[in-house]
Amino acid sequence: MKDFKINCHPLPGEFYARDTVTVSKDLLGCFLVHRTPAGATAGRIVETEAYLQGDPACHAARSMTPRNKVMFGPPGYAYVYFTYGMHYCFNVVSQAEGVGEAVLIRALEPVYNTGLMQQRRGRERLKDLCSGPAKLTQAMGIGIEQNCTDLTTGDLYLCAGDAGSAIITTTRIGIREGTDLLLRFYLQDSRYVSRK
DNA sequence: TCTCCGATGTGT
DNA sequence: CACATCGGAGAG
């Protein structure tokens, strides 16, 4: 596996307080780190999706509810939700406070402590560890406890990194509304995206 | 490789 | 009753 040097300094709040599409693209190549009692794990972000205000697929498209409330809060917080009765998905809240937008992290390249990821996933192959939004939350030990946590100060955070290859823009996966919007982004050269 | 489908709980 | 999913089964 490629040897990455991870800058352990968390990305600051200003990184997230920008246009959501810009944040979605800039997150490609950045590292997601989670320190837990079982150990720390880290992955390099290779696929993201933007969810915007006025976008019918966005959880914050309609009114503010207990679930989507954090999306309207300050940028740089985690929005984790439970879906399909068994999976968690992890988003980072973007834009200014009051704007209900976020970036879904859809795939990671496993980078650090892949043994713990394999154990959590019950899978051996590196490609099967983080190549989907619910796979990566399982591999990284992310659950509802991380919802609404501050990504600039806690045990779950992101660090700067370089995309290092071309960014491909496509429609989003697994939605039924807003299917025409080009809001999915992934690294062309990565073998670890959920699908090409 | 692909398409289909069941699992399983919560939001609207 | 839809849902920002996953993995196993069966077909090709």
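Letters A, B, ... mirror the listed sequences (proteins, then strands); counts begin at 1. Here the structure is a predicted model, which means the values were calculated and not measured.
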Fill in: side chain to side chain donor-acceptor pair (under 3.5 Å): pairs with one or both residues in residues 171-182 of chain A, sequence neighbours excluded
A/D55-A/R172

Could you tell me whether the side chain of [Y] reaches within less than 4.5 Å of the side chain of [X], counting heavy atoms only?
X      : Y      : value
A/K127 : A/R191 : yes
A/V21  : A/F185 : yes
A/F31  : A/L108 : no
A/E101 : A/S94  : yes
A/H59  : A/Y51  : no
A/P10  : A/T153 : no

Fill in: Contact boundaries on DNA chain C for chain A, cut-off under 4.0 Å to non-hydrogen atoms
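Span of nucleotides near chain A: C/dC3 to C/dG8.
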
Judged by modelled atom types alone, do [X] and [Y] share a side-chain donor-acceptor pair under 3.5 Å?
X      : Y      : result
A/S194 : A/E47  : yes
A/Y192 : A/R44  : no
A/Q138 : A/R121 : yes
A/R125 : A/S131 : no

Report each atom pair, protein N/O against N/O of nucleotides 4-8 of chain B, whose distance is under 3.5 angstrom.
residue, atom, partner, partner atom, Å
B/dT8, O2, A/Y84, O, 2.2
B/dT8, O2, A/G85, N, 3.4

Worksheet item: Under 6.0 Å between ring centres, would you say that holds for A/Y81 and A/Y79?
Response: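 Yes, the ring of A/Y81 comes within the 6.0 Å limit of the ring of A/Y79, centre to centre.
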
Worksheet item: Which residues, if any, of residues 58-72 of chain A bring a heavy atom under 4.0 Å of DNA chain B?
Response: A/T65, A/R67

Response to the item:
Expected list for residues 166-189 of chain A near DNA chain B, using heavy atoms below 4.0 Å, is none

Worksheet item: Nearest nucleotide by nearest heavy atom, which residue falls closer to the 5' end of DNA chain C, A/R123 or A/F90?
Response: A/F90

Practice prompt. Determine, for A/Y16 and A/R18, whether the Lys NZ or Arg CZ falls below 6.0 Å from the six-membered ring centre while staying within 45 degrees of the axis.
Written response: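 A/R18 over A/Y16 ring: no.
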
Practice prompt. Determine which bases of DNA chain C form Watson-Crick or G-U wobble pairs with both distances under 3.5 Å, and write the result as a 5' to 3' dot-bracket string with | for other-strand partners.
Written response: |||.|||||||.

Discussion item. How close do A/A78 and A/V70 get, counting heavy atoms only, and between which atoms?
Written reply: O-CG2, 3.8 Å

Discussion item. On a heavy-atom basis, which atom in A/L187 and which in A/A163 lie closest, and how many Å separate them?
Written reply: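 Where A/L187 meets A/A163 most closely, the heavy atoms are CD1-O, 3.5 Å.
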
Discussion item. What's A/A57 touching, base or sugar-phosphate or nothing? Going by heavy atoms closer than 4.0 Å.
Written reply: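 Counting heavy atoms under 4.0 Å across all strands, the contact made by A/A57 includes a base.
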
